[in-house]
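This is the structure I want to talk about, given as structure tokens.
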Amino acid sequence: NIEEVLITRLGNIGGQYNQKIEEYKFQNCEIQEWDLLNADTSRFRLRPTTFELTVYSFDQKGDAQGNSRVGFDLKNGQEI
């Protein structure tokens, strides 16, 4: 199992490069499938127990306005 996978989406906000605009967090992931496509590329499918999405908000000037977060426990079918 893989304990945690964190994927961060970056953007250009208000002239500032590499600002976090979204984060996806998958936890307690079971590896379902793993393919070695070539010498430097793999593809795998994970089955996470929990999933969280965080979206960062900015105003028209590019100033941070906070964030929104939603999470779901896929094992128990409940929002976290």
Review point. Does Pro48 reach the side chain of Leu74, with side-chain heavy atoms less than 4.5 Å apart?
Key: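 Side chain of Pro48 against side chain of Leu74, heavy atoms only: contact under 4.5 Å found.
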Review point. Side chains of Asn28 and Thr50: closer than 4.5 Å at any heavy-atom pair?
Key: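 Heavy-atom side-chain distance check fails, nothing below 4.5 Å.
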**Study point:** Intermediate values then yes/no, side chain to side chain contact (heavy atoms under 4.5 Å, CB included), Glu79 and Val70
**Key:** CA-CA 8 Å; Glu79 191 173 332; Val70 64; 4.1 Å; yes
Point to revise | Student check: side-chain heavy atoms of Ile2 and Leu46 closer than 4.5 Å | key: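 The answer is yes, as the side chains (C-beta and beyond) meet within the 4.5 Å cut-off.
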Point to revise | Atom pair CG (Asn76) and OG1 (Thr49), whose distance is rounded to the nearest 0.5 Å | key: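 Going from CG on Asn76 over to OG1 on Thr49, the span is 9.0 Å.
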Practice item. Work out which heavy atom in Gln65 is nearest to a heavy atom in Phe58; give both atom names and the distance. Key: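 Closest heavy-atom pair between Gln65 and Phe58: CG-C, 3.8 Å.
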Practice item. Answer yes or no: is there a side-chain heavy-atom contact under 4.5 Å between Glu4 and Lys25? Key: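 A side-chain contact under 4.5 Å exists here.
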Review point. Can any side-chain N or O of Asp35 pair as donor or acceptor with the backbone N or O of Leu37 at less than 3.5 Å?
Key: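 Flag not set: sc Asp35 to bb Leu37 has no pair under 3.5 Å.
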Point to revise | Glu3 atom CD, over 12 foreign heavy atoms within 6.0 Å | key: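 At most 12 heavy atoms, drawn from other residues, nucleotides or ligands, come within 6.0 Å of this atom.
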**Study point:** Contact check, side chains of Phe26 and Ile7, non-hydrogen atoms, under 4.5 Å
**Key:**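 Yes - at least one pair of side-chain heavy atoms lies under 4.5 Å apart.
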Practice item. For residues Val5 and Cys29, report the shortest heavy-atom separation together with the two atoms involved. Key: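 Of all heavy-atom pairs spanning Val5 and Cys29, the closest is CG2-SG, 4.3 Å.
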Review point. Hey, mind stepping through Tyr56 and Glu23 against side chain to side chain donor-acceptor pair (under 3.5 Å) and telling me if it holds?
Key: CA-CA 8 Å; Tyr56 297 89; Glu23 283 186 334; 3.1 Å; yes
Practice item. Indicate, with yes or no, if Val55 and Tyr24 share a hydrophobic cluster defined by side-chain heavy-atom contacts under 4.5 Å among Ile, Leu, Val, Met, Phe, Trp and Tyr. Key: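 Yes: a chain of side-chain contacts under 4.5 Å links Tyr24 to Val55.
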Review point. Which heavy atom of Thr8 sits nearest a heavy atom of Lys20, and at what distance?
Key: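 Looking at all heavy atoms of both residues, the closest pair is CG2-CG, 3.6 Å.
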Review point. Less than 4.5 Å apart, any side-chain heavy atom of Glu22 and any of Thr54?
Key: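 No; the side chains remain at least 4.5 Å from each other.
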Practice item. State yes or no: do Ile80 and Leu53 share one hydrophobic cluster built from I, L, V, M, F, W and Y residues joined by side-chain heavy-atom distances below 4.5 Å, directly or via other members? Key: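 Different hydrophobic clusters.
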Point to revise | Point-to-point distance, once rounded to the nearest 0.5 Å, from CD of Glu33 to CZ of Arg45 | key: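 That separation rounds to 4.5 Å.
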Practice item. Report yes or no: does Asp59 contribute a side-chain atom to a donor-acceptor pair with the main-chain N or O of Lys61 at less than 3.5 Å? Key: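 Flag set: sc Asp59 to bb Lys61 pair under 3.5 Å.
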Check your understanding: Can you find a heavy atom in the side chain of Leu10 that is under 4.5 Å from one in the side chain of Ile21?
Key ->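 No, their side chains stay 4.5 Å or more apart.
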Review point. Centroid-to-centroid, Phe72 to Phe51, below 6.0 Å?
Key: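 No, the ring centres sit 6.0 Å or more apart.
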